[in-house]
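Comments concern the structure below.
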Amino acid sequence: MITLDDIEDMTCLTREEIAALAEHEALPELNASAFGDYLMHMPKGPQQVQGMICEDIRDALHAGDLPHAKSLYAVLHHFLEAHPEAARGTAPEG
């Protein structure tokens, strides 16, 4: 039987990045795994993922939830290190 961990391991995103997408889209992590992997293979998809994480950071700050905003910032920082093509203003290769 395939588990959620197996599915998450098949994507190019970390579990924390998948959790951030799940939060943003109000999806179960299983669905967020598939959605995130799909986005990462689409033109400008990495920028969309980056934007979603940024929106969640902004929402956490507006809600006064500084610990969650810091946690999401760490997710964003790692995401941009692993996927530099996601930085806004970068052109996709090809």
Side-chain angles (χ1 to χ4, degrees):
M1 175 186 267
I2 295 177
T3 67
L4 178 58
D5 285 337
D6 295 330
I7 291 170
E8 289 176 342
D9 288 341
M10 288 187 240
T11 72
C12 59
L13 299 171
T14 66
R15 285 169 174 70
E16 293 80 11
E17 293 160 353
I18 291 167
L21 285 178
E23 174 185 339
H24 186 271
E25 294 295 311
L27 293 172
E29 286 194 14
L30 175 66
N31 295 11
S33 297
F35 180 59
D37 195 56
Y38 167 78
L39 282 177
M40 291 302 293
H41 291 94
M42 297 300 297
K44 298 196 179 190
Q47 289 94 343
Q48 288 182 281
V49 173
Q50 184 258 10
M52 291 177 193
I53 297 169
C54 287
E55 287 175 19
D56 287 346
I57 292 169
R58 186 173 34 253
D59 291 345
L61 289 171
H62 285 251
D65 190 350
L66 189 58
H68 188 53
K70 286 181 177 181
S71 174
L72 287 168
Y73 180 77
V75 171
L76 177 64
H77 182 74
H78 179 270
F79 178 74
L80 291 174
E81 279 184 350
H83 305 284
E85 72 278 12
R88 291 183 185 201
T90 60
E93 293 182 19

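Residue indices begin at 1 and follow the sequence shown.
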### Task
Would you mind listing every ring-ring contact (aromatic ring centres under 6.0 Å, His included) that reaches into residues 23-74, with sequence neighbours excluded?
none
### Met52: which of Leu21, Ile57, Leu76 passes side chain to side chain contact (heavy atoms under 4.5 Å, CB included)
Leu21
### Message
Working to the nearest 0.5 angstrom, can you tell me the gap between Glu85 CD and Lys44 NZ?
### Response
13.5 Å
## Note on the structure
Separation between CD1 (Ile18) and CG (Asn31), nearest 0.5 Å, reads 11.5 Å
### Rounded distance (nearest 0.5 Å) linking atom CG of Asp59 with atom SG of Cys54
11.0 Å
### Task
Show your reasoning for whether side chain to side chain contact (heavy atoms under 4.5 Å, CB included) applies to Arg15 and Asp5.
CA-CA 9 Å; Arg15 285 169 174 70; Asp5 285 337; 3.5 Å; yes
### Task
Quick one: closest heavy-atom pair of Ala86 and Gln47, and the distance?
O-CG, 3.5 Å
### Task
Step by step, work out the side chain to side chain contact (heavy atoms under 4.5 Å, CB included) result for Met40 and His83.
CA-CA 9 Å; Met40 291 302 293; His83 305 284; 3.4 Å; yes
### Query
Minimum heavy-atom separation for Asp37 to Met10, with atom names?
OD1-O, 4.5 Å
### Message
Is there a side-chain contact between Glu17 and Val49 in this structure, where contact means two heavy atoms from C-beta onward sitting under 4.5 Å apart?
### Response
no
### Message
Let's go through Phe79 and Leu13 carefully: what are the C-alpha distance in whole Å and the side-chain angles of both, what is the deciding distance for side chain to side chain contact (heavy atoms under 4.5 Å, CB included) to 0.1 Å, and is it a yes or a no?
### Response
CA-CA 8 Å; Phe79 178 74; Leu13 299 171; 3.7 Å; yes
### Summary
Minimal heavy-atom distance between Ser33 and Ile7, with the atoms involved, is CB-CG2, 4.0 Å
### Task
Provide the closest heavy-atom pair for Leu72 versus Ile53 in the form atom of the first, atom of the second, distance.
O-CG2, 3.8 Å
